[in-house]
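Read through the structure below, which is laid out as structure tokens, and then see the notes.
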Number of protein chains: 2
Amino acid sequence: MASAGRREVILAESARLFSERGIAATTIREIGDAVGLNSGTLYHYFSSKDAIVSEILVCFLTDLVERYDAVVAEPETARTRLGRIVRVSLEVADMHPYATEIYQNEFANLSTLPRYTEIAAAVESSHDAWFNVVEDGVRDGEFNSGVDIFEFQRMMRECVFMSVRWHRKTLAQDVDSLTETLTTVFLNGFVPAPQPGSTPPPPPTGRRRAAKKTATEPPAPRGSAKSTEAAASSDDIRAELDSLRTELRAIREAIAERPDAG
Amino acid sequence: MASAGRREVILAESARLFSERGIAATTIREIGDAVGLNSGTLYHYFSSKDAIVSEILVCFLTDLVERYDAVVAEPETARTRLGRIVRVSLEVADMHPYATEIYQNEFANLSTLPRYTEIAAAVESSHDAWFNVVEDGVRDGEFNSGVDIFEFQRMMRECVFMSVRWHRKTLAQDVDSLTETLTTVFLNGFVPAPQPGSTPPPPPTGRRRAAKKTATEPPAPRGSAKSTEAAASSDDIRAELDSLRTELRAIREAIAERPDAG
DNA sequence: GTCTATAGATAGATAGAC
DNA sequence: GTCTATCTATCTATAGAC
């Protein structure tokens, strides 16, 4: 009877244990204890321990890809869509509180899982969503191409999912501020010009860590050396930098306008 | 006699296996096979499997903290010191190719390790180095406080160590470009104001990364990840000048080689 | 559906010959 | 220092009573 929700309870408790202790370190008996069932009974619902892992990941990734696909297709600017991807990532992670951590911790060693092909395909699809939106933004001039596209989107994507771990306990409440922080940190370093209208808001000033100085040294010494030696030639260098940038831009545009430009 | 380097070989092979398969999934017998010793012989060098794990992590973290402490004490701007922390992180990671991955993958579940207190203290010390430098930069107005300090430095720190994993095979050659990319992405989104003198170049639209698929392996990071904003120190500016010159030269040559050029 | 009991495999670690 | 041999513990998964 209770078998209706039993499967889901097993999945939920397993996910929690897997993320807390690791998959290999979590035993079937521990899962049984957490659910309130004998370990043998679990095999009435799942054919193996790995099958539980696979189902956890497939459920999470299916939800994620489905919502990514909707966002990517939106007729919005790349910045808007990228912000939505961040938000969707956090929301889906909130619906699957432990799956993202399991995936992050152990994906590298999960290639022998039952439905691994399905899982890998979903992972790749989710990665494509990020890449395509960032690529669109660069092509349209909305983002800066001074930083390698692939490198950038991978950093941002992984940072978003690490943030899930860091904010797991309060993720639902933190979605807004986290989305804002992530897009501000990454995009204000990635857009060509600063937004005149939307300058970064006054500090949300979240938590402050009890910053203890390292036992050896009080790191006071940042000091006056700021721009002393660089000051003399600084203007000349900046001038040359600007001219180089201008020339580079002209050349790039010339190349881009060529009919057979690649 | 061979016992001189044996310990180090055991540590190296163990680290490789632990990072590839996970600690729990790596058996003593596999380590013995990899080293060319019987599994029982390993206990002549280490008291347990966990003792091997601990020694791997302690060696890595000791090197890291030692070099962090030197950087934090430098009389430089926060931006310079933060850049040095990034570089030092990559260099130490290159000296301990697998320790960072082991730490990232399994640190959450390692609290029962033999020398865990020592390990945790080193981890905290390394975190403090990052926090203190970023905090200094904010206090002096060099960085922007519109984003939560703790959140920012944690994102940047974790991104640096994830980059180690992504570039593990070519880390030594990629240190320069990676340091540049990481500081550009994070700091240009974290500095208070853009340089008024130089309007950032509009998007070139020309070069696009060819491979968007492949969830497995990023293409080689050609060092085109260059900053668009003027850097704070003369070293950074000179480095950018050099890279711009190099890129200009490459573009000129590419144009000259086109059959229909001129 | 849930349990008890256990099969079958393999892990970490030890003892002692050489 | 290295080996063979083995102990002890524990795991996944199964068989069958209820």
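These numbers come from a predicted model, not from an experiment.
Between A:Phe131 and A:Phe150, the ring-plane angle classifies as tilted under the 30° and 60° cut-offs.
Taking the six-membered ring for Trp and the full ring otherwise, the centers of A:Phe186 and B:Phe186 sit less than 6.0 Å from each other.
Pairs of residues two or more places apart, or lying in two chains, that qualify as salt bridge (charged side-chain N to carboxylate O under 4.0 Å, His left out) and include a residue from residues 97-112 of chain A are A:Glu101-A:Arg168.
In this entry the distance linking CZ of B:Phe46 with P of C:dA13 reads 13 Å, nearest Å. Rounded to an integer number of Å, the gap from B:Leu42 CG to C:dT14 P is 13 Å. Atom CG of A:Asn38 and atom C1' of C:dT6 are 12 Å apart (whole Å). In this structure, the CZ atom of A:Arg7 is 14 Å from the P atom of C:dT2, given to the nearest Å. When rounded to the nearest whole Å, the span between CG of A:Leu37 and P of C:dT4 equals 11 Å. Straight-line distance from the NE2 atom of A:His44 to the C1' atom of D:dG16: 15 Å, rounded to whole Å.
Contacts with DNA chain C (heavy atom under 4.0 Å) in residues 9-21 of chain B: none are found.
Partners of A:Arg16 according to the salt bridge (Lys or Arg N to Asp or Glu O under 4.0 Å) rule, which considers only residues two or more places apart in sequence or in another chain, are A:Glu13, A:Glu20. For B:Ala51, the side chain to side chain contact (heavy atoms under 4.5 Å, CB included) criterion is met by B:Ser47, B:Ser48, not counting sequence neighbours. Annotation: salt bridge (Lys or Arg N to Asp or Glu O under 4.0 Å) contacts of A:Asp176 (sequence neighbours excluded): A:Arg87. Qualifying side-chain hydrogen bond (donor to acceptor under 3.5 Å, both in side chains) partners for B:Glu66, counting only residues two or more places apart in sequence or in other chains: none. Not counting sequence neighbours, A:Tyr98 has no partner by the ring pair (Phe, Tyr, Trp, His ring centres under 6.0 Å) test. The side chain to side chain contact (heavy atoms under 4.5 Å, CB included) test applied to B:Gln173 returns B:Thr170, not counting sequence neighbours. Residues passing the side chain to side chain contact (heavy atoms under 4.5 Å, CB included) test with B:Ala120, sequence neighbours excluded: B:Tyr116. Under the rule for a side chain to side chain contact (heavy atoms under 4.5 Å, CB included), the partners of B:Glu158 that lie at least two apart in sequence or sit in another chain are A:Met162, A:Trp166, B:Arg154.
OP1 or OP2 of D:dC3 sits under 4.0 Å from a side-chain N or O of B:Thr41.
Note on the helix from C:dG1-D:dC18 to C:dC18-D:dG1: terminal axis deviation equals 0°, with five pairs used at each end and the result rounded to 10°.
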Scan nucleotides 9-12 of chain D against the protein and return all N/O pairs shorter than 3.5 Å with their distances rounded to 0.1 Å.
from   : atom 1 : to      : atom 2 : distance (Å)
D:dT12 : OP1    : A:Thr26 : O      : 3.4
D:dT12 : OP1    : A:Lys49 : NZ     : 3.0
D:dT12 : OP2    : A:Ile28 : N      : 2.8
D:dT12 : O4     : A:Arg29 : NH2    : 3.3

